[in-house]
2 protein chains.
Amino acid sequence: MMQGQRRAMEPARLFLGLLAVSAALAASSLHQRPPQPELLLEEEEPELGESPSGSLWPLPRSLRILPDQLQLAPTRFQLVHGPGSTAGPGCALLQDAFRRYYEYIFGYSKWQNRGQRPLPTGTELFQLQVIIGSKDSECDNYPTISSNEAYQLSVTEPVAVLRAEKVWGALRGLETFSQLVYEDDYGSFVINESEITDYPRFAHRGILLDTSRHFLPLKSILTNLDAMAFNKFNVLHWHIVDDHSFPYQSVTFPDLSGKGSYSYDHIYTPTDVRLVIDYARLRGIRVIPEFDSPGHTQSWGKGQKDLLTPCFNGEHRSGSYGPVNPILNTTYHFMTDLFKEISSVFPDAYIHLGGDEVDFTCWKSNPDVTEFMKQQGFGIDYAKLESYYIQKILDIVSSTNKGYIVWQEVFDTGVKIKPDTIVEVWIGTSYTTELSRVTRAGFTTILAAPWYLDYISYGQDWKKYYSVEPLNFPGCEKQKKLVIGGEACLWGEFVDATNLTPRLWPRASAVGERLWSSKNVTNIGDAYNRLVKHRCRMLRRGIAAEPLFVGYCDHEYRGL
Amino acid sequence: MMQGQRRAMEPARLFLGLLAVSAALAASSLHQRPPQPELLLEEEEPELGESPSGSLWPLPRSLRILPDQLQLAPTRFQLVHGPGSTAGPGCALLQDAFRRYYEYIFGYSKWQNRGQRPLPTGTELFQLQVIIGSKDSECDNYPTISSNEAYQLSVTEPVAVLRAEKVWGALRGLETFSQLVYEDDYGSFVINESEITDYPRFAHRGILLDTSRHFLPLKSILTNLDAMAFNKFNVLHWHIVDDHSFPYQSVTFPDLSGKGSYSYDHIYTPTDVRLVIDYARLRGIRVIPEFDSPGHTQSWGKGQKDLLTPCFNGEHRSGSYGPVNPILNTTYHFMTDLFKEISSVFPDAYIHLGGDEVDFTCWKSNPDVTEFMKQQGFGIDYAKLESYYIQKILDIVSSTNKGYIVWQEVFDTGVKIKPDTIVEVWIGTSYTTELSRVTRAGFTTILAAPWYLDYISYGQDWKKYYSVEPLNFPGCEKQKKLVIGGEACLWGEFVDATNLTPRLWPRASAVGERLWSSKNVTNIGDAYNRLVKHRCRMLRRGIAAEPLFVGYCDHEYRGL
């Protein structure tokens with residue numbers, strides 16, 4: 001590797017192997033940066049350096065990296081179950097993870113024939129022993145909101161030990177271990193002796209994908225689950241259906257996708273859904289489906305007669321349809337059967353029920369709805385009708401023994417919701433006030449508002465996402481505890497398989513660290529140094545994560 | 001294909017085969033669109049319909065599509081040299097194009113076994129005959145600024161005829177022909193009888209790619225050349241080197257890339273460069289390299305001693321370097337040898353010499369430069385020194401018999417430039433005034449300012465690029481004639497192989513139509529209808545062009 005910039009750097013710096021970027025350019029010279037009418041900010045090129053924490057992302061809660069380096073020989077190094085672990089070779093989840101992380105650590109190297117020679121005594125790491133402490137490793141379970149993701153990692157010669165109560169912690173620790181290994185200037189795999197104690201700050205760390213506005217091929221979803229694991233996300237919020245299409249294939253109501261999907265091959269079959277859930281489980285990721293109603297349901301109406309409210313133009317039907325028709329018994333029979341199916345297909349304890357952005361115009365136009373309002377004593381308060389509908393849906397879902405998540409409007413309009421309902425805050429302008437209100441009322445909440453990643457803009461917008469402090473709202477300690485996490489949302493108006501991955505990563509990584517690491521991990525410069533390397537690592541692992549700024553990776557994206 | 005939306009559409013509509021999008025949603029319902037502080041515009045979902053011009057992009061100058069449909073049988077249909085053509089099977093460029101377009105037309109179908117049965121007489125198109133009229137077909141030439149790209153296409157039963165004076169027109173006509181063919185509901189390939197006369201509005205229709213801020217693998221560049229051909233672009237403006245890296249491997253000065261590139265494998269070898277030029281030629285695309293100086297040359301300094309100006313801190317060298325050192329004879333010897341090589345490597349008659357954004361700070365700090373200024377009688381006017389330098393570079397390049405293109409600063413600072421110099425206008429705020437000034441001074445110009453595609457924003461920004469009228473500036477007819485075209489520029493600060501294609505396409509397509517089609521082709525609704533289909537066609541041909549809005553393509557992107 002003959003290369004000017006690299007020579008100029010100190011050769012013994014940590015993690016140099018993953019990436020070297022021209023640090024020689026002191027002042028940023030931004031070619032062709034016109035003063036555009038849009039008033040773009042001049043982007044200063046950040047100075048790239050070495051973080052004391054190497055390339056770790058997200059940063060562990062407690063971390064000590066020692067100067068002593070150990071080498072790993074790909075032909076000898078093993079990931080194994082350690083002594084006393086309650087999980088053994090019968091634990092498919094860990095076996096699969098061992099193979100996967102062996103590949104992540106060694107599999108992408110340009111130099112395949114090395115590490116064969118014996119190393120001097122005391123300089124080689126031979127094993128990573130994984131020891132599950134709890135009697136129930138949870139190896140065959142699905143992850144839940146209360147899964148224990150804590151782990152301890154001790155890297156010392158000749159054997160590293162990863163301890164966790166449950167497999168979920170082991171998965172997070174394996175990711176961290178793989179991030180500690182780097183290639184030195186001679187192409188050898190090296191790790192520093194280290195001590196790490198780690199656990200997440202927030203229990204719910206989600207990514208929302210929207211498969212209704214554009215269908216996402218299964219491969220896109222699985223690739224994204226990989227990237228989520230690399231960033232310690234643990235929830236896929238699957239916004240699976242919406243106005244535009246209904247790709248979820250229901251066994252009970254096959255016409256929903258048969259008539260409501262974009263086409264015959266823009267459908268998720270039961271096998272597809274199963275595959276997503278299993279693939280996610282193996283990475284410690286929950287899959288929470290969203291079946292949003294009564295609004296956002298235009299595509300539902302194509303395959304289910306009389307489900308939507310017929311709109312009127314004066315005395316006659318206009319031919320168009322509004323939200324779900326809340327006044328018919330058939331609606332609730334249908335919903336009961338549908339949610340019964342959904343609750344058995346999706347193992348997670350929660351279903352997202354949406355409940356956002358209900359437009360009353362069509363309801364108001366419909367004489368039968370007007371009559372019903374009168375009977376129920378709702379007057380002309382259509383929010384009451386919305387509440388009536390949602391109340392019934394919540395009861396239906398409760399009867400399937402599922403908990404539910406709703407968008408903030410359901411709380412805002414005063415629907416009576418169970419105390420264990422999770423309210424997701426998404427409206428951008430006033431989210432701190434909303435967090436105060438929701439938690440003051442005693443509800444658990446998830447924050448999405450500042451992390452709408454479909455809103456793209458020129459430059460380094462990851463910093464904006466990174467700088468959000470989720471608990472920075474007026475409220476007491478008890479209220480703060482009710483914020484269980486957040487979600488980075490990639491709505492699909494302008495996103496499909498062509499641009500999903502680079503639009504989401506590494507911008508979502510900023511959210512990932514915010515939700516995992518300690519509150520005081522806020523140094524943008526240090527974050528940049530680590531994230532640049534983390535992004536290169538994602539590339540190496542097949543994720544087309546876009547660049548943060550000028551520079552390059554040793555292993556560029558080859559998946560064109 | 002069971003599918004609700006599709007059934008609802010008229011079955012016989014043109015070009016339905018390429019794409020069907022849910023047109024059923026009358027009102028746009030934009031899920032989760034919070035009133036963000038950035039004051040985003042609510043994006044109205046455009047109503048998607050059928051354009052009378054089908055999926056043609058860019059729109060031909062004159063077009064008549066008749067209702068009569070002809071079928072094409074993949075096993076029988078042929079692209080052939082027509083009677084009297086001056087180009088025959090010996091013309092590799094056309095042979096290659098025939099094979100390529102056969103593949104584009106038939107190669108991506110989901111249904112392979114059809115078209116075998118004989119069709120009713122008078123309903124089948126058997127051939128496309130390509131007839132080159134001019135004695136010199138230019139088959140073995142490189143395209144130039146004055147290449148004739150005009151063609152006439154007549155589709156009638158049983159044989160279609162494509163007439164062009166030169167191969168360049170034939171290439172454009174083949175693209176148009178391929179865009180006329182669509183698949184009907186039964187999976188048959190169909191074309192309507194048509195008459196087209198076509199030629200470009202502007203001669204220079206370019207895409208700027210930046211391979212210095214991020215290295216682009218060869219595959220990215222070739223894929224982009226494909227996409228350019230699909231959009232009738234004819235110039236690759238290759239911003240090959242800049243401050244950040246020098247990936248061009250010079251035979252004369254191997255240290256330039258040896259020390260100035262990001263790494264050993266972030267280099268374009270002479271073979272790579274050759275391949276790009278040949279691949280472009282076969283598609284009627286010129287390759288104009290940019291070697292920008294005296295600014296934007298930090299990476300040059302690594303492999304060429306004494307090329308850059310040493311900056312001073314008071315009386316001592318600061319250790320950093322400024323623009324090219326304009327006071328040394330060695331500078332001009334070096335440039336003479338370098339441009340001699342460049343002018344022989346790149347066959348195009350033009351080289352882009354940059355000349356933008358020269359920072360005088362370092363020159364001002366250097367006592368030798370100060371002394372030189374005195375000797376030359378420049379006073380403290382460093383623009384004069386800049387002119388002095390650029391004048392010499394222009395003379396050097398002129399002596400290699402190349403023409404040159406420069407960024408607008410070279411004109412603005414009053415450098416004496418040859419009358420045939422092309423001035424590229426890039427500064428966004430005042431480009432109409434600049435176009436007036438440059439053309440009033442009698443210089444040929446290229447417009448880039450309104451088409452900086454690296455500036456991304458949320459939503460349908462293609463409309464902004466589409467709505468630019470390049471000749472809408474104060475000036476007489478003679479001045480307008482001096483505007484020979486424009487360029488869509490994708491600077492590389494935040495772009496590499498991970499996101500280049502979806503960021504560029506189909507946004508650059510808007511620029512492509514503006515530069516090819518008639519001035520009065522400005523209907524945004526019609527453009528949307530055609531561009532949605534054109535984008536799906538690009539997907540089918542392996543270009544990861546991003547979506548314009550919600551919807552889907554029959555053949556989604558599979559190249560994850």
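A note on names: the letters A, B, ... follow the listed sequences, proteins ahead of strands, and every chain is numbered from 1. From a predicted model like this one, the values you see are computed outputs, not experimental measurements.
Considering only residues two or more places apart in sequence or on other chains, A:H352 meets the side-chain hydrogen bond (donor to acceptor under 3.5 Å, both in side chains) condition with A:E424. Qualifying salt bridge (Lys or Arg N to Asp or Glu O under 4.0 Å) partners for B:E546, counting only residues two or more places apart in sequence or in other chains: A:R503.
Taken from CG in A:L548 to CZ in B:F494, the straight-line distance is 9.0 Å, to the nearest 0.5 Å. The line from CG of B:D496 to OH of A:Y557 is 10.0 Å long, rounded to the nearest 0.5 Å. Atom OG of residue A:S263 and atom OH of residue B:Y552 lie 5.0 Å apart, to the nearest 0.5 angstrom.
When heavy atoms are compared at a cutoff of 4.5 Å, A:A448 does not approach chain B at all. Interface residue A:L539: only side-chain heavy atoms are found under 4.5 Å from chain B.
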- Message: Show, in sequence, the C-alpha distance, side-chain angles and deciding distance for A:E556 and B:H266, and conclude whether the side chain to side chain donor-acceptor pair (under 3.5 Å) test is met.
- Response: CA-CA 9 Å; A:E556 295 282 6; B:H266 289 74; 2.8 Å; yes
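Across all their heavy atoms, A:F549 and B:H214 have their closest contact at O-NE2, 2.7 Å.
Between chain A and the options B:P502, B:P547, B:A544, heavy-atom pairs under 4.5 Å are most frequent for B:P547.
When side chains are defined from C-beta on, B:N499 does not count as touching A:N499, because their heavy atoms never get closer than 4.5 Å. With contacts defined as side-chain heavy-atom distances shorter than 4.5 Å, the pair B:V550/A:Y262 qualifies.
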